[in-house]
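Beneath this line is the structure, given in structure tokens, with notes to follow.
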Amino acid sequence: MFGLVDGNNFYASCERAFKPELQGEPVCVLSNNDGCVIARSQECKDLGIGMGQPIHEVSPALRRRLRIFSANFALYGDLSGRVVSILRDQFARVAVYSIDESFVDFQGIPAEQREQVAAGVRARIRQWVGIPCCVGIGPTKTLAKLANKLAKKTPHGVVTVLPGDAVLEKFPAEDVWGVGRRLTARLGAEGILTAADLSRADPETLRARYGVVLARTQRELQGIACANLEESEPDRKQIVVSRSFGSEVVALDDLQQAVATFSQRACEKLRARSLHANGVWVWCNTNPFKPDAPQYHPSGAMPLITPTSDTREVLRLAQHLVRAMYREGYRYKKAGVGLLDLTHGDHQQGDLFALADPRSKSLMEVMDRANARFGRGALGLASSAWRPRKGALERPLWGMNQTALSGRYTTSWHELAIAR
DNA sequence: TCTGGGGTCCTAGGACCC
DNA sequence: TCTGGGGTCCTAGGACCC
């Protein structure tokens, strides 16, 4: 049996964890650059604020009633890790699925105790981390996900769903894991409206019309497990770092600086996973929401001769690509850097004619250690540096808007919460 | 004024190989 | 009247997830 443990309105709950006065208040968290709403407390949903809604579309009067926060992923990531450590204490096998969701294995726990164990874990997470969560239990991941959605609507927060249960008759097909907007429309046209309908549909027809993905979903709804609990995450195939700019950028200099910063961050993520990149991809965009302004969205990629995780080498390519694609007369709003064809460092093809820099590995290790100890950005490459003005680092033109950022209560000594 | 970021898998079609 | 068969790799586009 699978369990799915999912933090309720996760980012909004994280903000509440350190600000108890936000209980009962309509809390919402914005995307990077303070653009769209990406998390809402129940009170916020009740006010009609939509998921993904641009915050500037919300009337000023309504906005004043909201408690709005800029995204604080350092905080959310840390609280997520604390939730997972509680799960690992309780369950032999845990598969972290996303920042706010983990699958757990109920093997070894008698059937009649499952819900009780789930309730206990839920209470512990609430007390120790301060995050409310719900648990869905089922014989397949798809049914556990479904059960979790139902659990959100109950006060006790734990629900078990078995194949053929009556609740499937009322569960909308669009809420089934793996059924998105497009499929919902096509299935609806055929009269497949609920999870039960989908479970009963003719398998051959389903497979032929919609492909193997939906065919698997159907079997999972029938209680036939098609996916296992994957405890170890498969290696990434690509790593992408991209951001919209706080303000539009015109000069090549600024664009290069942004791309250098993103490249550096991408390489840090790469090394954290002990991977090497075989190619670099860079792109930038003008503002698509200003159709009257001249539009330009170039992109370019280059292979690396030897797989690398050295920021300097990635940077050289990235900068070359930006210079080649840059055109004057455009106002750039977004840029991104991708590392492609990732491979493990231990089995790679060398370059017969190039001498590997023997210092590269140690240099990168020193940078990573310094940044781990003194905070991200403590040590970096000059091309990505934010320009100091009047002795202080000032947000560059392209830097993110974060007007309502909460503290890093659990990851920075300087920002520890103070109890009075 | 203001509009997120980061992933995966599947499929179909074309190029190419023997 | 007549046109082989079977395979891989790559890419673009579509769909989904959080």
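Residue numbers begin at 1 in each chain, while the letters A, B, ... track the order of the sequences.
Residue Asn401(A) is out of contact with every strand shown, counting any heavy-atom pair closer than 4.0 Å. At a threshold of 4.0 angstrom between heavy atoms, the contacts of Ile239(A) are confined to the sugar-phosphate backbone, with no base atom among them. Heavy atoms of Glu101(A) sit under 4.0 angstrom from primed sugar atoms or phosphate atoms, though from no base atom.
Remark on DNA chain B: of its neighbouring residues Val240(A) and Glu248(A), the 5'-side contact belongs to Glu248(A), judged by nearest-heavy-atom nucleotide. Along DNA chain B, the nucleotide closest to Asn32(A) and the one closest to Lys237(A) are compared, and the more 5′ of them pairs with Asn32(A).
Ring centers of Phe69(A) and Tyr11(A): at least 6.0 Å apart, outside the cut-off. Checked against a 6.0 Å centroid threshold, the rings of Phe2(A) and Trp177(A) do not count as neighbours.
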Dot-bracket encoding of pairs in DNA chain C, which uses [ ] for pseudoknotted crossings and | for another strand, Watson-Crick or G-U under 3.5 angstrom: ....||||||||||||||
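Read 5' to 3', the first and last nucleotides of DNA chain C with an atom closer than 4.0 Å to a heavy atom of chain A are dA15(C) to dC18(C).
The aromatic rings of Tyr409(A) and Phe18(A) sit parallel to each other, their planes meeting at less than 30°, with 60° as the upper class boundary.
The existence of a salt bridge linking Arg186(A) and Glu190(A) is excluded, since no basic side-chain nitrogen approaches an acidic carboxylate oxygen closer than 4.0 Å. Electrostatic pairing of Arg265(A) and Glu268(A) counts as a salt bridge here, judged by a charged N lying under 4.0 Å from a carboxylate O. By the 4.0 Å N-to-carboxylate-O rule, Glu115(A) lies too far from Arg122(A) to be salt-bridged with it. Salt bridge absent: Lys19(A) and Glu25(A) never bring a charged side-chain N and a carboxylate O closer than 4.0 Å.
Taking 4.5 Å as the limit, every side-chain heavy atom of Leu339(A) sits out of range of all side-chain heavy atoms of Lys269(A).
Within residues 180-193 of chain A, the residues that have a heavy atom under 4.0 Å from DNA chain C are, in order of number, Gly180(A), Arg181(A), Arg182(A), Leu183(A).
Gln295(A) and Tyr330(A) form no side-chain donor-acceptor contact under 3.5 Å, judged by distance and modelled atom types alone. With 3.5 Å as the limit, one finds no donor-acceptor pair spanning the side chains of Asp253(A) and Gln257(A).
Phe171(A) does not carry Lys149(A) over the face of its six-membered ring by the limits of under 6.0 Å from the centre and within 45° of the normal.
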